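Predicted model only: the values in this text are computed from it and were never measured.
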Amino acid sequence: MPFEPLQQEPRIQQRWMEAAAFKAPGAADLKPGDRTFYMLVMLPYPSGRIHMGHVRNYTLGDVVARFRRMRGDKVMNPLGWDSFGMPAENAAIKHGIHPAVWTKANIQEMKGQIQKMGISYDWDREIATCLPEYYRWNQWFFLKMWERGDVFRAMRNVNWCEALGTVLANEQVVDGKDERTGHPVVQKQLEQYFFAITKYADELLAGHDQLDWPENVKAMQRHWIGKSVGARLTFDLADGNQVQVFTTRLDTLFGVTFMALSTEHPFIVEAAKTDPGLQAFCDQVAAMSREDRLMSDIKLGYRSKLEAIHPFTGEKVPIFAANYVLMDYGTGAVMGVPAHDERDHAFAGKYGLPIPQVIESMDPWEPGILVNSGAFTGMTSEAAVEAMVEKLGGRAEKAVTFKLKDWGLSRQRYWGTPIPTIHCPDCGVVPEKAENLPVLLPEDVEFKGVGASPLTTSRSFLDCACPKCGKPSRRETDTMDTFVDSSWYWMRYLDPKNTEAPFARPEAEAWSPVDLYIGGIEHATMHLIYARYFYKIMRDLGLAPGDEPFTKLICQGMVLKDGFKMSKSKGNIVDPDEVIARYGADALRLFMIFAAPIEKEIDWTGFEGIEGATRFLRRATRMVEDHVPCKDPVPAKDQLTAEEKTLLVKVHQTLHKVTDDLSHRYQFNTLVSSLMEMANALADLPADAPHRGPVMQHALEVFTLMLSPAAPHLAEALWESLGHEGFCMHAAWPVAETSWLTADEVTVVVQVNGKVRGRIQVPAQATEEERRAAALACPEAQAHLAGKEIVKVVVPPGGKLVSVVVK
RNA sequence: GCCGGCGUGGCGAAAUGGCAGACGCGACAGACUCAAAAUCUGUUUUACGCAAGUAAGUGUCGGUUCGAGUCCGACCGCCGGCACCA
């Protein structure tokens, strides 16, 4: 049987499919004591073709899934399609293809490509988020969350293009213009729906402790959630109004010499009406794009006619509108303490405001001891905060602020889940009745890319009756952010055909949480925060057990070409399909896991790497070809030659290491190198070894089983050649025998003053004392010991080394 | 600026405090061949040496340890994320 992947792989895939070899059992089919393993990869967007990033992601996941299956675990390894979103709608506008048609064709194409890779997905559990059977549950969740008060409506800015009469996504806006037509884009307030994710901010932060996730992902989430502990403080204004500020440094209160409000703060907006200069300043700030605001670190302000009164000194403090104060963080107002805040310092310098010092410390921006602070002088910053809150009474309270914003889920687009609400002239916004779900996307729509969302062109969709009073009403035309789709999809895999609920509780209990989730680092914040949030909602709805959905997370590195991200526009794409057509799936899979550690980038500089993988697979094939299947048992240890024993030790040591790499360390590149080392050892067994038949048979069997997760097609072929029936992928993972983990004789390294001076062979069962004596007697060491006084001899646990210290 | 991570041959990398550079790629030499491809064998950190060998060596400096690529401290460099967050 020569190595002919192009002929063999499709045949083996066919056999797997016919045998339903990848099927995952439902909760009812699991027996007590069954170990389960849920292996999840991030579901793809059906853009048209798979790319190397997909190949890497799915290969890594498949290696784990296949290994676990062989270990005897019940394995859940599903895939689906994140199939709502803008590209489909853009294709409709550009080419006149309905998004559903475009999406379906892409799914078919990509599914075929993925199947050619031999990934062991249970395709019976496949889902597509754009199908009503799926998105009806998005609507169901929305209604449940509405009931619980987790949904609210509020005004929020959108990117509005007057010329097109449409809302644009952030990615479509470049330099304040529509990237397609160049028409200007402005901010416009629209009333939209929000999920109150900030309710869970503290729990989302605390949950990290129980997660086996990369440190950088946790750090990114921590930063994104952005918890700040401080105080809210109310200032009286000279005109009798009150304004509230948030500060993390209440202790610096005596250093306040001005107050800065966002140009969008209600008081500033009001004051600008009678102050043309202020109005002009606000307009100027509003006209700056987000990038410009970030680029220029120049602090700009305009002194309004408003004044605040310092709560302790009673002094009047000027109020500025300032470009560095954000309306959507804290209260949109800050107390300016130029001596102890870098930004306030810059601002005060520019506008000639006094800079009184009120804290003594090494670094002016850090806490310390209070000075010039009335009764609080001499206190530590920490104590002063407590004392001031006390003294200020109802005027101040300790407070926490988050950077995390509530999740705006409204999109003014067609290709998404319709938000299940109705606008009644009498009752206002009313949720649709649960029994009327799904609210289906209508077919009678036009895609023009101009004007309001296509949904507003469908009479059949718009016209409805109010669920409360029955009056003729208008259906909501906003659709949901596609992040909603991907925030619970992995739970739907567990029960994909359920028509009564998103999934049944017993299925969730059987499989959740996910044991290992592999995907790209680009989802570190948005997707992985939304998914954690949704899981807590599912928990609180009584649907899901536990608190966190993904126990372990691995973010795989990107696949680059000559140092750059592969992209259509750069024209540097290496198409996985073409690689498979030339070298086969096994070679590509093997290369993907061997090329670099999982979280590092792989640079595809050429085909040398994959040719190396092919060489190895061919070599493995040849070893089996040259071997005559042998049913004799391996003779007892004392009958074997030294070379035969050496080989068997290598076999079991490799097995031990590979098992560890796959079950705990998730280090797949060393899995491959271990197999290569073992292949080299196999080649070293003399052709005339007396027990070559049984020893080789055993070694090749273990080798083939270990190869199976990485190169499953070839493993099946080799398994058959070795005289086995049934699938290699269903054979039991072998167990390393302790008696074969150490050779009869082991090498002991002799160090003198930390330098390696010699190596000696000792019997494996030699005692520490014998090792020590043998080491001191070894001639190479003797040369360095002569005439010196031995201070100490250390034999560390394991006894692989003797360390001699001399003076 | 803040947060996280990483610095090892020509290259991808390995080394779970215990023989630095496994394994692979590339390169060089040889075998087979009329020849090529494929395959096989050998060499491939640096310096000195014909060699056996000796010395140095994991970004830099210091520390802990019998022993440090690995742990601790300071610095240098690179990558990623966030970035006027009060």
Side-chain angles (χ1 to χ4, degrees), chain A residues 214-224 226-228 230 245-249 252 259-260 262 293-300 322-326 328-337 340-344 346-347 365 401-404 521-522 524-525 555 557-558 590-591 594-597 599-603 605-613 615-616 618-619 622 657 660-661 664-665 667 669-680 683 747-759 780 791-806:
Chain A
E215 202 43 54
N216 61 333
V217 174
K218 288 197 215 178
M220 280 158 77
Q221 292 205 347
R222 238 179 277 126
H223 195 267
W224 185 268
K227 183 177 183 172
S228 285
V245 300
F246 173 76
T247 176
T248 54
R249 294 296 305 280
T252 63
M259 192 169 285
S262 163
R293 276 176 89 152
L294 290 176
M295 291 299 278
S296 76
D297 55 359
I298 302 160
K299 312 263 175 294
L300 294 177
N323 68 344
Y324 72 96
V325 181
L326 310 169
D328 59 3
Y329 180 79
T331 62
V334 303
M335 59 183 215
V337 185
H340 303 292
D341 181 278
E342 214 172 340
R343 292 152 306 187
D344 296 346
F347 189 83
W365 319 134
T401 298
F402 293 94
K403 287 187 208 167
L404 182 71
I521 185 78
E522 65 274 19
T525 48
C555 293
M558 285 201 293
L590 202 72
F591 169 73
F594 181 55
E599 70 286 351
K600 279 209 162 185
E601 289 167 347
I602 291 179
D603 199 344
T605 48
F607 287 84
E608 292 85 4
I610 200 152
E611 272 162 12
R615 254 197 297 276
F616 171 67
R618 208 180 287 141
R619 202 168 157 220
R622 213 171 322 111
K657 180 175 163 43
D660 191 41
D661 281 350
H664 305 296
R665 303 206 319 148
Q667 193 163 303
N669 52 331
T670 53
L671 145 74
V672 180
S673 52
S674 301
L675 289 179
M676 288 172 167
E677 272 186 65
M678 184 172 152
N680 293 343
T747 305
V748 171
V749 171
V750 185
Q751 287 187 347
V752 179
N753 282 357
K755 286 202 192 325
V756 178
R757 293 304 182 184
R759 292 175 182 82
E780 295 94 333
V791 179
K792 199 172 178 182
V793 180
V794 182
V795 184
K800 287 194 293 190
L801 180 137
V802 176
S803 180
V804 185
V805 188
V806 297

Applying the Watson-Crick and G-U wobble criteria at under 3.5 Å, what pairs with B:C71? Answer none if nothing qualifies. B:G63
What integer number of Å spans the P atoms of B:C25 and B:A13? 16 Å
Grab the CZ-C1' distance between A:Phe591 and B:G12 for me, whole Å please. 9 Å
Looking for any heavy atom pair under 4.0 Å, which part of the strands does A:Asn669 touch: base, sugar-phosphate only, or nothing? sugar-phosphate
Could you tell me whether A:Arg222 contacts a base, only the sugar-phosphate backbone, or nothing, with contacts defined as non-hydrogen atoms closer than 4.0 Å? nothing
For B:G26, the nucleotide meeting Watson-Crick or G-U wobble distances (both under 3.5 Å) is B:U44
Assign A:Lys403 to base, sugar-phosphate, or nothing according to its heavy-atom contacts below 4.0 angstrom with the strands shown. base
Would you mind checking if A:Arg615 and A:Glu608 are paired as a salt bridge, meaning a charged N to carboxylate O distance below 4.0 Å? no
Report which part of the nucleic acid A:Asp660 touches: base, sugar-phosphate, or nothing (heavy-atom distance under 4.0 Å, all strands). base
Contact class for A:Glu780 (heavy atom, under 4.0 Å): base, sugar-phosphate, or nothing? nothing
Output a table of nitrogen or oxygen pairs between the protein and nucleotides 52-59 of chain B separated by less than 3.5 Å.
unit_1	atom_1	unit_2	atom_2	d
B:A55	OP2	A:Arg757	NH1	3.4

Taking a pair to mean Watson-Crick or G-U wobble geometry with both distances below 3.5 Å, B:A31 pairs with B:U39
Report which part of the nucleic acid A:Pro597 touches: base, sugar-phosphate, or nothing (heavy-atom distance under 4.0 Å, all strands). sugar-phosphate
Could you let me know what B:G4 is paired to, Watson-Crick or G-U wobble, both distances under 3.5 Å, or none if it's on its own? B:C79
Using a 4.0 Å heavy-atom cut-off, does A:Gly612 contact any base of the nucleic acid, only the sugar-phosphate backbone, or nothing at all? sugar-phosphate
Heavy atoms only, 4.0 Å cut-off, all strands: where does A:Lys600 land among base, sugar-phosphate and nothing? sugar-phosphate
Over all strands shown, is A:Phe594 touching base, sugar-phosphate only, or nothing at heavy-atom distances under 4.0 angstrom? base
